[in-house]
Amino acid sequence: MTERRPPTAVSPARRRILLGAGALASAGLAGCLGSGVTAEPADPIALTDGQTCDACGMTIADHFGPAGQIFYADGNPDARDGPARFDSIAELVSYAVRRDARGWTRRATFVTDYSSVDYDLIDRSGTTYISTHAAAAAFADATECFYVVDSDVRGAMGDDYFPFSEYEEATAFADDHDGDVRQWEHLVD
């Protein structure tokens, strides 16, 4: 099912840097999480220094596509000072759904925001890939993004979900690359 809003004017600057978007998005995440767990707000971190994906073990910055990170309450994942990390939003979503079923509490989830970066589309042997962006400023609150799914563009693990903070940019990408636009809650259901 495609989630679409009525179209509005598309900004001529389709790709721009939204510095501090992650910090602003996470500011409202402090406080009680419903189970008596209190968590501090989280800010996205850079995934550019050799960090590996918690789902597949690949080095995040070395591969195409969107990256993501999930901060959990209660010190999860164990033995780590920081978030669970991913080189694919499809892997991030699968991981989040499995951890939700175990009772883990997400306190912040961030994904590459293709509305905030100057991304490239790269053709390799007839397959189109999208560039990766893993600097801290490239991330936005996952729950506020619009995701292009089922497109002809690929990420690190093949089919992926491509996040945009701007609805108009997501729909333009979907129109150009045969995809559909969905919201976060439709990915994690």
Side-chain angles (χ1 to χ4, degrees), residues 1-5 21-22 24-37 39-45 47 51-58 60 63-78 80 82-116 130 132-134 138-151 153-167 169-171 173-174 177 179-189:
M1 175 179 188
T2 302
E3 296 293 320
R4 295 202 183 238
R5 292 185 188 168
L24 292 174
S26 65
L29 295 174
C32 184
L33 297 174
S35 64
V37 177
E40 295 296 319
D43 293 319
I45 63 168
L47 299 177
Q51 294 93 336
T52 57
C53 177
D54 284 322
C56 69
M58 293 178 11
I60 295 165
H63 297 281
F64 293 116
Q69 48 194 289
I70 306 173
F71 288 84
Y72 286 97
D74 300 327
N76 289 317
D78 291 333
R80 170 160 322 139
R85 307 169 300 231
F86 305 93
D87 65 354
S88 161
I89 305 310
E91 288 180 329
L92 177 148
V93 167
S94 177
Y95 185 97
V97 168
R98 288 192 317 271
R99 295 318 179 272
D100 289 353
R102 293 181 185 172
W104 288 26
T105 302
R106 277 184 272 138
R107 62 185 177 107
T109 305
F110 300 103
V111 294
T112 300
D113 174 13
Y114 283 104
S115 291
S116 74
I130 195 167
T132 192
H133 298 272
F139 290 98
D141 182 338
T143 65
E144 299 296 321
C145 287
F146 300 94
Y147 295 83
V148 177
V149 302
D150 300 325
S151 77
V153 177
R154 301 293 175 255
M157 303 306 292
D159 292 339
D160 211 340
Y161 310 132
F162 302 104
F164 293 83
S165 60
E166 299 294 326
Y167 176 76
E169 293 178 23
T171 58
F173 188 91
H177 300 286
D180 294 312
V181 177
R182 300 222 174 103
Q183 293 178 297
W184 173 253
E185 58 269 15
H186 297 112
L187 300 179
V188 293
D189 281 342

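We number each residue from 1, following the sequence as shown. No experiment lies behind these values; they were computed from the predicted model shown. Worth knowing before you read on, the calculation uses all heavy atoms, side chains too, and leaves out hydrogens, waters and symmetry mates.
Closest approach of S116 to A138, counting heavy atoms only: OG-O, 3.7 Å. The heavy-atom pair separating A96 from R106 by the smallest distance is CB-NE, 4.0 Å. Looking at every heavy atom in both residues, I60 comes nearest to A67 through CG2-CB, 3.7 Å. The shortest non-hydrogen separation linking F110 to A42 is CZ-O, 3.4 Å. For the pair Y95 and A84, the tightest heavy-atom approach, listed with the atom from each and the gap, is CE2-CB, 3.8 Å. Between R154 and S151, the shortest heavy-atom distance links the atoms NH1-O, 2.7 Å.
When each of T109, V149, T112, V111 is tested with I89 by the rule side chain to side chain contact (heavy atoms under 4.5 Å, CB included), just one qualifies, namely V111.
Taken from CD1 in I70 to CZ in R99, the straight-line distance is 8.5 Å, to the nearest 0.5 Å. Atom CG of L47 sits about 4.5 Å away from atom CD of Q69, to the nearest 0.5 Å. Within the model, atoms CZ of F86 and CG of D54 stand 5.5 Å from one another, a figure rounded to the nearest 0.5 Å. Note that the CG atom of D87 and the OG1 atom of T52 stand 9.0 Å from one another [nearest 0.5 Å]. Annotation: the span from F139 atom CZ to C145 atom SG amounts to 11.0 Å, rounded to 0.5 Å. With rounding to the nearest 0.5 Å, the separation of OH in Y72 from OG1 in T105 is 9.5 Å.
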side-chain contact (heavy atoms from CB on, under 4.5 Å) between V93 and W184: does it pass, once the steps are laid out? CA-CA 9 Å; V93 167; W184 173 253; 4.1 Å; yes

Please lay out, stage by stage, how D150 and R182 fare under the test side-chain contact (heavy atoms from CB on, under 4.5 Å). CA-CA 10 Å; D150 300 325; R182 300 222 174 103; 4.1 Å; yes

Given H177 and V148, is the side-chain contact (heavy atoms from CB on, under 4.5 Å) satisfied, shown in steps? CA-CA 9 Å; H177 300 286; V148 177; 5.9 Å; no

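S115 contributes a side-chain N or O that, together with a main-chain N or O of E166, makes up a donor-acceptor pair within less than 3.5 Å.
Checked against the 6.0 Å centroid criterion, the rings of Y114 and F173 do not qualify as a close aromatic pair.
Ring geometry for Y161 versus Y147: interplanar angle over 60°, hence perpendicular rather than tilted (30 to 60°).
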